[in-house]
There are 2 protein chains.
Amino acid sequence: MRISALAAAAGLPVATVKFYLREGLLHAGLASSATQASYDASHVRRLRLIRALTGTVGLSVQQARTILELIDDPGDDLYSTLGRAVSALPPAAADAGGEPGADPYPRARAALEALGQVYDPRFAAVAQLESSLEAAESAGLPLSDDRLLAYGNAIREIAAYDLERMPRSPREAVEYTVLGTALYEPVLLALRRLAHQDIASRRTRD
Amino acid sequence: MRISALAAAAGLPVATVKFYLREGLLHAGLASSATQASYDASHVRRLRLIRALTGTVGLSVQQARTILELIDDPGDDLYSTLGRAVSALPPAAADAGGEPGADPYPRARAALEALGQVYDPRFAAVAQLESSLEAAESAGLPLSDDRLLAYGNAIREIAAYDLERMPRSPREAVEYTVLGTALYEPVLLALRRLAHQDIASRRTRD
DNA sequence: AATATTGGAGAGTACAACTATCCAATCACA
DNA sequence: TGTGATTGGATAGTTGTACTCTCCAATATT
């Protein structure tokens, strides 16, 4: 399969495929001569993944590259690999401001304590939680403790389900977790919006 | 309060405040002369909201403007107002392809039927669900029915909580729903990631 | 009176994500 | 075996977004 066939299979312009090759998101084909390389199904799959990440998930090319690199060769340490993946995903976390020595993530800490969950400021999602809570607060819609508990408990069911299905082998676990985080998040958001609609329409009808 | 004080209060450069004024995200101050206008607390609040939407939530200036306009004057019809707001929020939905007459959102339809929820193709979130499911599928991680049910039921608890707290007056309801959708979504995502971490660490310790 | 600041408009900048153009080396077919 | 099409690779150009800078005449401030 040459580059034009690959581009056609993925539904993309050849120029865009070349761009992804140059940017290192797509692995090179097998060169058979100076002006010929052959691509296979793995390239088609990869292009689909790239478009899913940069399109629906909304990642930048740079973020997508980070995610793809982590999947391609996850480090020895599953934990730190996942940590790096989470850092590459939105919502972006503002770096912890405030005077040095102070608690960098006071809102996130309080939230996690209220939920009875571990608080480890090194984990990227803690900074993301802090930024999100701060944004909601400064926009005039602070998250009440009550709401936090409601959200936290429901979300925990989802997370528990995710973990139950996690593959045993480390390599597969990374791919499952990283892609599952990135790809299923938009689904969750859409489901919440649709549930609002469904519940509202039921109430109206009653 | 003049423009430089406003900018300082919001922690932004004056040029950026001027930019938001020009772009219509921020309402003009009360002009007292040809080169003087006074701004008040409402402007500071608005700037905070703008930064929350364009920063943490990740909206473009264009999308933020749409959301802000809907909050400023919601139409008579609560439903269509919310629909327009949802359309302005990510994840972006690809427009329904396929041959005309065919079901435009087959995955979303199947999902909603499995969940026992209403399926109305006019609602923007249906297109978003379809796009998200399609992205996950083409990236090689299709959402199983089982997972869909697990997610859908947990998310429903959250949506039910949201609706219970919805203000009675239409104007407030729009603001609550639109901002609650946009601002609390990042919180939900961060909470899921943290719950993964928490549950994983509990299992390891056991 | 001297200096600084303001609102407003226009131009300029920086970056991201493509997209287009070239070119010499093959290829594919007549 | 010629001849037009295609390829990989490099370089340059385009488009869009979100600011940021520069001016300027009209005020404010001191």
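Naming convention: chains lettered A, B, ... in sequence-line order (proteins, then strands); numbering from 1 in each chain.
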Worksheet item: Quick check: does any side chain N or O of Gln63(A) sit under 3.5 Å from a backbone N or O of Ser60(A), one acting as donor and the other as acceptor?
Response: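 Here the side-chain-to-backbone pair exists.
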Worksheet item: Is the side chain of Arg46(B) donor-acceptor paired with the backbone N or O of Leu25(B) at a distance under 3.5 Å, no angle test?
Response: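 Indeed, once roles are kept as given, a pair shorter than 3.5 Å links the two residues.
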Which whole-number value in Å describes the distance from [X] [atom1] to [N] [atom2]?
| X | N | atom1 | atom2 | result |
| --- | --- | --- | --- | --- |
| Phe19(B) | dG8(C) | CZ | C1' | 15 Å |
| Leu21(B) | dG8(C) | CG | P | 8 Å |
| Leu6(B) | dT5(C) | CG | C1' | 15 Å |
| Met1(A) | dT6(D) | CE | P | 17 Å |
| Glu23(B) | dG8(C) | CD | C1' | 14 Å |
| Leu12(B) | dC21(D) | CG | P | 14 Å |
| Ile50(A) | dC18(C) | CD1 | C1' | 14 Å |

Worksheet entry | Ile3(B) side chain, from C-beta outward: closest of dA28(D), dT6(C), dT7(D) |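 Looking only at heavy atoms from C-beta outward on Ile3(B), the closest nucleotide is dT6(C).
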Discussion item. Under the rule for ring-ring contact (aromatic ring centres under 6.0 Å, His included), what residues qualify as partners of His43(B), not counting sequence neighbours?
Written reply: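 In terms of ring-ring contact (aromatic ring centres under 6.0 Å, His included), with neighbours along the sequence ignored, His43(B) is linked to His27(B), Tyr39(B).
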Less than 4.0 angstrom between a side-chain N/O of [X] and OP1 or OP2 of [N], yes or no?
| X | N | value |
| --- | --- | --- |
| Thr16(A) | dA17(C) | no |
| Ser33(A) | dA25(C) | no |
| Tyr20(B) | dC19(D) | yes |

Discussion item. If I take atom CG from residue Asp120(B) and atom CG from residue Asp198(A), how far apart are they, to the nearest 0.5 angstrom?
Written reply: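 Reported value, rounded in 0.5 Å steps: 11.0 Å.
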Fill in: Glu172(B) side, atom CD; Thr177(B) side, atom OG1 - distance, nearest 0.5 Å
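One finds 11.0 Å between CD of Glu172(B) and OG1 of Thr177(B).
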Discussion item. Could you report the tightest heavy-atom contact between Leu133(B) and Ala111(B), atom names first, then the distance?
Written reply: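 So the two residues come closest at CD1-CB, 4.2 Å.
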Fill in: Sidechain N-carboxylate O distance under 4.0 Å for Glu157(B), Arg192(A)
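Between Arg192(A) and Glu157(B) there is no salt bridge, as every charged N stays at least 4.0 Å from the carboxylate O atoms.
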Discussion item. If the threshold is 4.0 Å, N to carboxylate O, is there a salt bridge linking Arg84(A) and Glu69(A)?
Written reply: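 The answer is no: the pair does not qualify as a salt bridge.
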Worksheet entry | Pairing residues for Pro74(A) by the side chain to side chain contact (heavy atoms under 4.5 Å, CB included) criterion, not counting sequence neighbours |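 Pro74(A): side chain to side chain contact (heavy atoms under 4.5 Å, CB included) contacts with Thr81(A), Arg171(A), Val174(A).
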Worksheet item: Do Tyr161(B) and Asn153(A) meet the criterion of a side-chain donor-acceptor pair at a distance under 3.5 Å?
Response: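 Absent: no donor and acceptor within the cut-off.
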Worksheet item: Hey, can you pull the residues of residues 35-43 of chain B with a non-hydrogen atom under 4.0 angstrom from DNA chain C?
Response: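 Only Thr35(B), Gln36(B), Ala37(B), Tyr39(B) qualify.
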Worksheet item: Is there a residue in residues 51-65 of chain B whose heavy atoms reach under 4.0 Å of DNA chain C, and which residues are they?
Response: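 Result for residues 51-65 of chain B: none.
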For nucleotides 20-22 of chain C, tabulate all protein N/O to nucleotide N/O atom pairs closer than 3.5 Å, reporting atom names and distance.
none

Worksheet entry | side chain to side chain contact (heavy atoms under 4.5 Å, CB included) between Arg51(B) and Thr56(B), worked out | CA-CA 8 Å; Arg51(B) 294 304 278 195; Thr56(B) 308; over 6 Å; no
Discussion item. Run the side chain to side chain donor-acceptor pair (under 3.5 Å) test against Tyr79(B) and tell me which residues pass, sequence neighbours left out.
Written reply: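 None.
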Discussion item. Assuming nearest nucleotide by heavy-atom distance, tell me which of Arg2(B) and Ala34(B) is located more 5' along DNA chain D.
Written reply: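 Taking each residue's closest nucleotide, the earlier one in sequence belongs to Ala34(B).
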